[in-house]
Amino acid sequence: SGGALEMIGAVNIGADEGTDPLSPGIRALVRPRACSMGGEVVSLLASGTAHYRGKFRPQQNISFTVWAKRGAAATPPQPF
């Protein structure tokens, strides 16, 4: 059951408001993190702006889903 890929993790980035989630700078941050999880494909999950109490300017929160071939994840499960 399921497709050829399975979700193996997520990468979350906090950036300046208005940052393009697919910009070269963001890709340079996401790629090594996704690769270290054993990821082969990355997809944009969400991108939105939030204003936190005590901060003077809004922050863009960007989330990516990391995918690998089913059963091929390189990192073992981590205990919590």
Side-chain angles (χ1 to χ4, degrees):
S1 72
L5 299 174
E6 65 181 332
M7 180 183 167
I8 60 167
V11 176
N12 299 301
I13 303 288
D16 291 334
E17 181 181 24
T19 299
D20 178 358
L22 301 178
S23 69
I26 296 297
R27 288 179 185 216
L29 294 172
V30 172
R31 184 175 286 123
R33 295 177 190 185
C35 288
S36 72
M37 293 179 209
E40 298 181 51
V41 176
V42 175
S43 61
L44 178 63
L45 176 63
S47 177
T49 302
H51 194 103
Y52 298 103
R53 224 178 260 195
K55 283 194 81 163
F56 295 106
R57 54 182 203 198
Q59 173 177 304
Q60 179 133 351
N61 298 311
I62 307 169
S63 298
F64 296 88
T65 305
V66 181
W67 304 88
K69 288 180 183 167
R70 193 164 291 283
T75 55
Q78 297 178 356
F80 290 95

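Numbers here are sequence positions counted from 1.
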Quiz item: Looking at Ala34 and Val42, what are the two nearest heavy atoms and their distance?
Solution: CB-CG2, 3.6 Å
Exercise. List the atom of Thr19, the atom of Ala15, and the distance in Å for their closest heavy-atom pair.
Key: OG1-CB, 3.6 Å
Quiz item: So if you build clusters from Ile, Leu, Val, Met, Phe, Trp, Tyr with side-chain heavy-atom gaps below 4.5 Å, do Trp67 and Val30 land together?
Solution: no
Self-check item: Shortest non-hydrogen contact between Glu6 and Lys69, atoms and distance
Solution: OE2-O, 3.9 Å
Quiz item: What's the shortest heavy-atom distance between Arg70 and Gly3, and which atoms?
Solution: NE-O, 2.8 Å
Quiz prompt | Check: Leu22 main-chain N/O paired with Arg27 side-chain donor or acceptor under 3.5 Å | solution = yes
Quiz item: Can you tell if the side chain of Ile26 reaches within under 4.5 Å of the side chain of Gln60, non-hydrogen atoms only?
Solution: no
Exercise. Would you mind telling me which of Thr65, Val41, Val66, Leu45 makes a side-chain contact (heavy atoms from CB on, under 4.5 Å) with Met7?
Key: Thr65
Practice problem: Would you name the heavy atoms of Ile62 and Ser47 that are closest together and state the gap between them? | Solution: CG1-OG, 3.9 Å
Quiz item: For the hydrophobic clusters of this structure (ILVMFWY residues joined by side-chain heavy atoms under 4.5 Å, transitively), does one cluster hold both Met37 and Phe64?
Solution: yes
Self-check item: Shortest non-hydrogen contact between Ile8 and Gly39, atoms and distance
Solution: CD1-N, 3.6 Å
Exercise. Identify which one of Val11, Ile13, Asn12 satisfies the side-chain contact (heavy atoms from CB on, under 4.5 Å) criterion when paired with Ser63.
Key: Asn12
